[in-house]
Structure formats: structure tokens, C-alpha cells
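Working notes, beginning with the structure itself.
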Amino acid sequence: MSELLDVFIGESRENLESASQELLEIQSSGPASERVDKIFRDLHTIKGSSDLFDIKPLTRLAHAAEDLLDSVRSNEVTYSDDIGDLLLEALDQISIWFDELEVGSQNVEQWKPISTQLSAQLRHFIDPTASSEVDESSATVNNENRIADPQTLSEEHIALIANFGRNADLDLLCKATGPDCYFIQYTPDEGCFFRGEDPINVTVALPGIKAFNIEMPELGEDADIYNCFTSIKALGVAGEDEIKQHMAYYEGQYSCVSFSTQALKAACTGKIQKCVETIDDETLNSALNDTDIEQVHASAGLLLASLNFDDSEDDSANRAVLSLLSSIDDLSFLNNEIREDGCSSKDTNTNASPEVGNSSANEAGDSKREASKPKTLALHERAMLTQQLTLLNSDNYKSEFMFPSIAGLVGNILGAEFENEDALAVAINNALDEETIQAQANDEQGQQTSNDAAAETTQPANALETTEDTAAPVKAERQAVKMLKVDQSKIDYLMDIVGELTVAKNSLPYLAKQAEEEGGSRKLSKQIKAHFSIVNRLTESLQSAVLQIRMVPVSHVFQRYPRLVRDLARKLDKKIELCMQGEDTEFDKNLIESLSEPLIHLLRNSIDHGIESPAERLAAGKPEVGRIDLIATPLDDSVIIEIRDDGKGIDPQKIKLLAFQKGVISETQLENLDDNEALQLIFAAGFSTSDQVSDLSGRGVGMDAVKTMVSQAGGTIEMQSEVGVGSTFKLLLPQTMSVNRVMMFEVNDQMFGVGMDAVVETVKVPTADIQRIRNEHVLVIREKLIPLCDLREALGFEAAEEREEHSILVVSTPQGEFGLIIDKFHEGIDVIQKPLEGVLAGYAHFSGTALLGDGRVLLIINVQEVLAKCL
């Protein structure tokens, strides 16, 4: 996947999540205008960015959703739940396509029917009268794309072309280089400027564009000047497919009429013959009658260079005809017309456009023989020509986009046509000749009220320099971008480097000890320890900085759940409200992502097992709408996440009975388990309280997986429930899983560690103080009974020899305080904990590993699992 596509998908996923969240908020609190605007902007961003890639179906669907939201914004369409459901379905489909793009498995051809169907359904809300079935071959919706008869043009088509002038058909025929021509009427929607669209650039960039007109209606006093009221008409030479591809993002805003160049020739035959008759050149007439292409080219080219044409419509038509005849390769359409009428082209006057003038040939000839006079330019025309010349010579000049516009504007002023930039520049310079400007200045001196206009037109460079100087302070005040998006893999790599630095730092105390014991140098040892304190401080600062980079708000995951709750509630025909609190609480990104799946399981459990149906709730005297609270609360270096529901709760007696029936507990346990212990049975593997297996629950997997995943993240999970009131799941999690402070200790000459947050105290007690109650070793510390666990026995080592005293590490767990019998205490240390891999991954006794400064591997004890086996 390319880097650009990777960035596009990443940013678009954020837009999708934002749009989905706003849609869910709308469905719960109503279609507030600011929310609709936010969704509209998100979809517009996706649509605009997708233009960089060949994924038209995705673009079409995003565009249809955007248009529907635009109609909702302008109150043309009333928002409804059906619209919200369809928009969510469209967002889901776009997300699926992003998944395929990400792994490179996309098949754009298979996307097309899905895109067409969903786009049609979305646009049906805009125009219910439109057909819901869209012909894929047309690939557009709500556009009147018509194709004229390939041989003839109707009066309607001729009238459309005539919008550009009486001789527009001849001008277009002269410029036609392909088999197809088109006429487009493009009416941008009023809010196009707010989406960053530029209708003029869209028009100028049309394939093969030859001419365009811009129409602006008169605006009322209450009109919004920031809206677009423009209508644009354009003529050009290109195929229908090219036009559709170019205008794919403006569906519903344009209509296109396509016709063949051959049909245009047939429609212009009368005009061409009329002009040939008016020119009345014997050599040209003879060449046409003999169908001598080379002679026609030579005669027409010579006449085009030698005759003087003015700005009249007749001369414009004659110039266009001569230009056409000087390059045309096929005269058959003219010969066919002659044969059908039975007369020569000199006598032909049929099929002439009714708009052609009635000037006689003699009058036309006299006009050609008059000496050509330079066109008198008005002040505004001189200013416009000067500006166009400046643009033509500027560094920002782009031939592909700017030449058609400049050539068209200058051509309208000077009554000429230009094939390239050189001819255009020469024509402008000639028109702005110093003598001509001076003569015009003398003639129009009475019309000038000040010298400002002259200075503006004759010194445009100074004006541009002034503008740039004025704008400079504004640029200086712009603020630099303070947000920087970085790929997560780079942050993870930086975290790995910090881990290596931590290991290197931890080796300094070992080096100091070695220098003192083996080298006999206490001075060197003290120097190493002094440098260790400096390195330790810098390392801790670097660790803290990197960890802050990795911290993200819990809302990063929470925002996915409203959609989940909404969809499952509808599927189960329940009414549920999800309330979230503490969304700004920060977590390590890797940690919160690993908890996404456990939280989904817990929410599904509350929706399926906890919340009752509306009828059951009303019968129990509860509100019809159930409530689930998702709460994140920071606590020291940890975070508590709670999932509460006000459902029917869990009956511990029922849990015990089901567990016994499923073989999860024995008969003895059935009699001895208290209510709290019974509730914890829902985390047992293979246990389920659901009577029926469905796609939501009943398979006996889920809650045990939740406990496992929470434990792997270094956290614990508790469950409380009261029948008829509701249930609460409480997850206690470390805020970060990257850098941990651990207490090191030794068992059987091997180093182990336990998280410092679980350590209560360390004590050494005489063996005689350890007592035995009900086959369990216990210790009384400050009148508190502490159960003991011998780690040698729990970890499978041989029993130790009898000792006079034992080292006890007292740890805290959700079930209370316990003591771990170890061999020897060591200092606390900061480590980068790594997950277990390979064979060790199957041992639940350990939660991870860390590398010590002397090269040894430290195994981090999973206290909960060790105690479960030991006790």
C-alpha cells in the first residue's frame, strides 16, 4: 500500500468514526444543525480525498451521502431515522472498502453495483420521483445526458450552440479535433464554495473545452453573497465518457448534450456554402467543385492570410470557414449537399441558419478592401489585456488550465483566435503598442477623471508589488502547525529504544559493585554510582515523555460503543440508553486497544442478559428505556472502568445451580460457596447463563476470555450484582503497560519480580510464628491473619531446608492480602515488561519478562494465578 493511500485511509477512518458518532447523537437528541454540518464536512473530506485514487464507487457513494446531508442542511429534506440508518449503512460499507484497500484485496468492479444501489437509495430521499434503479452503464444519477442523432442536429441543439454567438457552430467545427462534441450546462449548488469547490476551475479543466459563458442572475437585497448563483454553459470536443469522468463529483449539478462532429458538419453546410459564395474566389470555388483537397487547402490558406477581416459577424463567419477549409481532410459532406440540390455551391443557399445576415457579396468585398484600422480599446479593455499579459508571463502560469481562459478573454476583446502562447503574447503586445495607447489616451482624455486608472493599467507590476508588500505582515503572523501525526510503529520503536536504555542504565549498579569487589576501587565505584544517578534521572524523564506521547483519551475506544449498543438493542427489540463518563481519562494506546474486545463482551452481556425487554421493565415498575453506564475513573497510576446496567441482575443461587449442572463446580462447592463467590463463576470457562445459543450468547465463551485478557493487561476484574437492581463490572487496570516498577526477589537461586503496586510490605519472621489452620499456613501480622503461599512449591521447585526464619512478601489482591514465602529480597527496579512468547506463553503463572542489567532474564509473577494454584 502506498504511503499516500495509507495516510488517506487513516484520516478517513477518523472521519468515519466522527460521522458515525454524530449520527448516533442525532438519533438520540435530534438533528442539530451543527451536527449535520459536522457529518457533511467529514463525508466531503472523504469524497474529496478519494479523488486521488481510482476508487470511483467509493467516491460516488460518499458524494451521494454528502448531497443528502446537504439537502438536510438546507431544510429541503426532513431528517428521519430511516435516513440515519441508511447513512450508517453507507458509512459501514465505506469502512469495509477501506479494510480491503488496506490489505490490497479490493475489487473495484465488485464495488460498483453496491455503490450504485446505496447511492440510488440515498438520492431517493432527495428526489422521491426519481427511479430507484440506476443503470450502471450511465454511472450517474439525476443528470440529463442525452445523445443527439449522429447524422443530424435538432433545432434544440442548434439553439444551444447559438448561446455562444451566431457563428459558434462554425467556430466549434474549426476547433473540432475528434469525432464527438458536447454542450454542458453546469449549475453549481449554492453551498459549493463552503466545500472548497471552484466552479470556474471545474469548467476550465473540462476535456477539450473550446468556449464557455458565465451567467449571473440579478440578486435581491437579502441574497447571501457567500453562496454561488452562477450558471455556466460550455462547448467542447470530447467523448461522453470523458465528460462523465470529469464531472463525476458534481452529479445532479449539470446536464450534457453529446453530438457527433459529423452531425455538426451537416448542420453547418449551409453556412459554409453561403460564406464561400460571399468570398467569391474563383480558384477556391473551382477547387471545391473538383474536390481537390490540396488546392482547397492552398486557396483557403492564401485567402485567410491576405484578406482583412473586421469584427463583424459576417467576417467572423468567413474567417472561420476559411480556417476550416485550410485544414479539413474530407469534403464529402459539402459534395453530398451539392448533389442533393442539383446545383453548384456557388448557387446554394439552403440549410443556411436563419441567423445569417443578408449583406451582399459586393458590400462584403468592399469591407475587405478597406484598410485595416487598429481596434480602439476602451480603458477597461486595455487594463484587462495588460493583466492577461502579466499572467501569461508570470511564474505561476499553467498552460493547461490558464491558456483557454486567457485566449478566450483576449479573443473576445481583439476578435481573434490563438493557437499558442506565442501568438497570444504578440497580439496583446501589438494591441498595447505605445503609439496606439498614446492615440487612445488623447482621444479619451475627456473620459479620464484621474491619473490613477492610467497608473493602474500602465504599471501593473507596481500594483502587484504593493499587494505583495501589504500581504507580507499577514503571512508573518500565521501560526505554525502544532499537531504532528506520527505512525504508531515509530512510537513503538522509540519505546523499544527507551527499554534498551533502561536495561543499559540498570547495568551501572552491577558495574559499580564489580569495580569495588573485583577491582578493589571504591573511588571508581562511587564515580559510577554518581553517573548512574544522572543517567537514571535523564532516562526517567525520557520514559515519561515517550509514555505521554503514547497516552490517548479513553474516548478513542469508547466512541465505538454507542453504535454497538444501538444496533444490538434494535436487534433484540429493546430500548437502551448508553451514558459515558470520564472519556478524557488517558490510557496507553496499546493498552486501551487491547481492552476494546473485553469491553465489547461486557457490553453485549449487559444488553443481552442484563437489560429486560420494555414490557418486562414496565411490569417491574422500571422506566421503559434501560440504562448502561460506561465510566472511566483515574486512580493514582491506575484506571477503573465500570460497566453498570439497571437490568434484572444475576441470582447467585441460579448461578451455582447452573454451574453444578454444567460440571463447573462439585456438590461440595455447591453447598459451601457464598453469594459473591457464586457470582465469580460467570468467569469460568464454558459457563453461560443463557438458555439458548444465539449469535450473541449461549456458547460459554466470552466472560472467561474477558478475564484472561484483562489479566494479560495486568489488571483485575470484579463483578457485583443485585437481583432486580442491576449488575456492575469493575476493571482495575494500570494506566500504562510499558514501564513498570517491580520488586525483585529470589527463589531457588532464580530472580523473579512482582509489580510494586501489589506489594504491601516485606517482613522476616521466625519459623515458629507461622501457624497451620485447616491445612493452610497463615501468619498473624499486627493482629491481622495473612494466608501464606510457598512459591517454591507453587513454581515446582524442590522444598527448601529447614530455616530459623522466612522472608515473607505481603501482596494485595482483590480477595485480600496474602503472603508469598520467598528465599531472599532484592531492590526495586524499573523494567520494560515484554509479553511471554513461545513455550512460556502457555504458563499463566507469569505475566511477562524483563531483561536485567547483568544480562539475566527476570520473570514477572502473575500473583492472581499463583495464588489460585497455591491456595
Check the pair Lys730, Ile717 against side-chain contact (heavy atoms from CB on, under 4.5 Å), reporting the backbone distance first and the verdict last.
CA-CA 6 Å; Lys730 183 181 292 186; Ile717 182 170; over 6 Å; no

Is the shortest heavy-atom distance from the side chain of Thr716 to the side chain of Val710 under 4.5 Å?
no

Sequence-distant partners of Gln661, side chain to side chain contact (heavy atoms under 4.5 Å, CB included), two or more places apart
Leu657, Leu658

Is there a side-chain contact (heavy atoms from CB on, under 4.5 Å) between Leu602 and Leu731? Walk through the geometry before answering.
CA-CA 11 Å; Leu602 294 174; Leu731 284 69; 3.6 Å; yes

Residue list, salt bridge (Lys or Arg N to Asp or Glu O under 4.0 Å) with Asp790, at least two apart or on another chain
none

Would you mind writing out the side-chain donor-acceptor pairs for residues 792-804 within the sub-3.5 Å range, not counting sequence neighbours?
residue : atom : partner : partner atom : Å
Arg792  : NE   : Asp823  : OD1          : 3.4
Arg792  : NE   : Asp823  : OD2          : 3.4
Arg792  : NH1  : Asn748  : OD1          : 3.4
Arg792  : NH1  : Glu798  : O            : 2.8
Arg792  : NH2  : Asp823  : OD2          : 3.0
Arg803  : NH2  : Asp823  : OD1          : 2.9

Ile682 vs His609, test: side-chain contact (heavy atoms from CB on, under 4.5 Å). Steps then yes/no.
CA-CA 12 Å; Ile682 66 171; His609 297 289; over 6 Å; no

Are side-chain heavy atoms of Arg13 and Glu102 found at a separation under 4.5 Å?
yes

Should Leu788 and His806 count as side-chain neighbours, where that means a heavy-atom distance under 4.5 Å?
no

Which residues pass the ring-ring contact (aromatic ring centres under 6.0 Å, His included) test with Phe98, sequence neighbours left out?
Phe8

Taking every heavy atom of Ile808 against every heavy atom of Val765, the minimum-distance pair comes out as CG1-CG2, 3.9 Å

Is there a side-chain contact between Asn605 and Val706 in this structure, where contact means two heavy atoms from C-beta onward sitting under 4.5 Å apart?
no

Test your reading of the model: is there a side-chain donor-acceptor pair from Asp646 to the backbone of Arg627, 3.5 Å cut-off?
yes

Identify the residue among Leu809, Val742, Val866 that makes a side-chain contact (heavy atoms from CB on, under 4.5 Å) with Val754.
Leu809

Any ion pair linking Lys707 and Glu718 (charged N to carboxylate O, less than 4.0 Å)?
no

Who passes side chain to side chain donor-acceptor pair (under 3.5 Å) against Ser721, sequence neighbours left out?
Ser727

For Thr728 versus Arg644, what's the shortest heavy-atom pair and its separation?
OG1-CG, 3.6 Å

Just so I know, are the side chains of Ile641 and Ile631 near enough to count as touching, which here means a heavy-atom distance under 4.5 Å?
no

Residues two or more places apart in sequence or in another chain: which of them pass side chain to side chain contact (heavy atoms under 4.5 Å, CB included) with Ser807?
Lys764, Ile822, Phe825

Taking all heavy atoms of Val778 and all of Pro787, pick out the closest pair and write down the distance.
CG1-CA, 4.0 Å

Side chains of Leu599 and Phe729: does their closest heavy-atom pair fall under 4.5 Å?
no

Testing the 3.5 Å rule here: is there a donor-acceptor pair between the side chains of His826 and Glu746?
yes

Less than 4.0 angstrom from a charged side-chain N to a carboxylate O is my criterion; do Asp651 and Lys656 meet it?
no

Step-by-step side-chain hydrogen bond (donor to acceptor under 3.5 Å, both in side chains) determination, Asn862 to Ser847:
CA-CA 5 Å; Asn862 186 333; Ser847 60; 5.6 Å; no

Quick one: list whatever passes side chain to side chain donor-acceptor pair (under 3.5 Å) with Gln720, sequence neighbours left out.
none

Ignoring hydrogens and geometry, is there a side-chain-to-backbone donor-acceptor pair from Ser18 to Glu14 under 3.5 Å?
no

Looking at Asn676 and Met719, what are the two nearest heavy atoms and their distance?
OD1-O, 4.2 Å

Shortest non-hydrogen contact between Val554 and Ala632, atoms and distance
CG1-CB, 3.9 Å

Across all chains, not counting sequence neighbours, the side chain to side chain contact (heavy atoms under 4.5 Å, CB included) partners of Ser555 are Pro553, Glu583

Testing the basics here: between Ile786 and Glu817, what is the closest heavy-atom pair and its distance to 0.1 Å?
CD1-OE1, 3.7 Å

Check salt bridge (Lys or Arg N to Asp or Glu O under 4.0 Å) between Glu586 and all other residues, then give those that pass, not counting sequence neighbours.
none

Is any side-chain heavy atom of Val759 closer than 4.5 Å to a side-chain heavy atom of Val810?
no

Glu805: partners by side chain to side chain donor-acceptor pair (under 3.5 Å), with sequence neighbours left out
none

Do Leu859 and His845 make a side-chain contact, defined as non-hydrogen atoms from C-beta onward lying under 4.5 Å apart?
no

Arg537: salt bridge (Lys or Arg N to Asp or Glu O under 4.0 Å) partners, not counting sequence neighbours:
none

Restricting to side chain to side chain contact (heavy atoms under 4.5 Å, CB included), what partner residues turn up for Ile96, sequence neighbours left out?
Gln93, Glu100

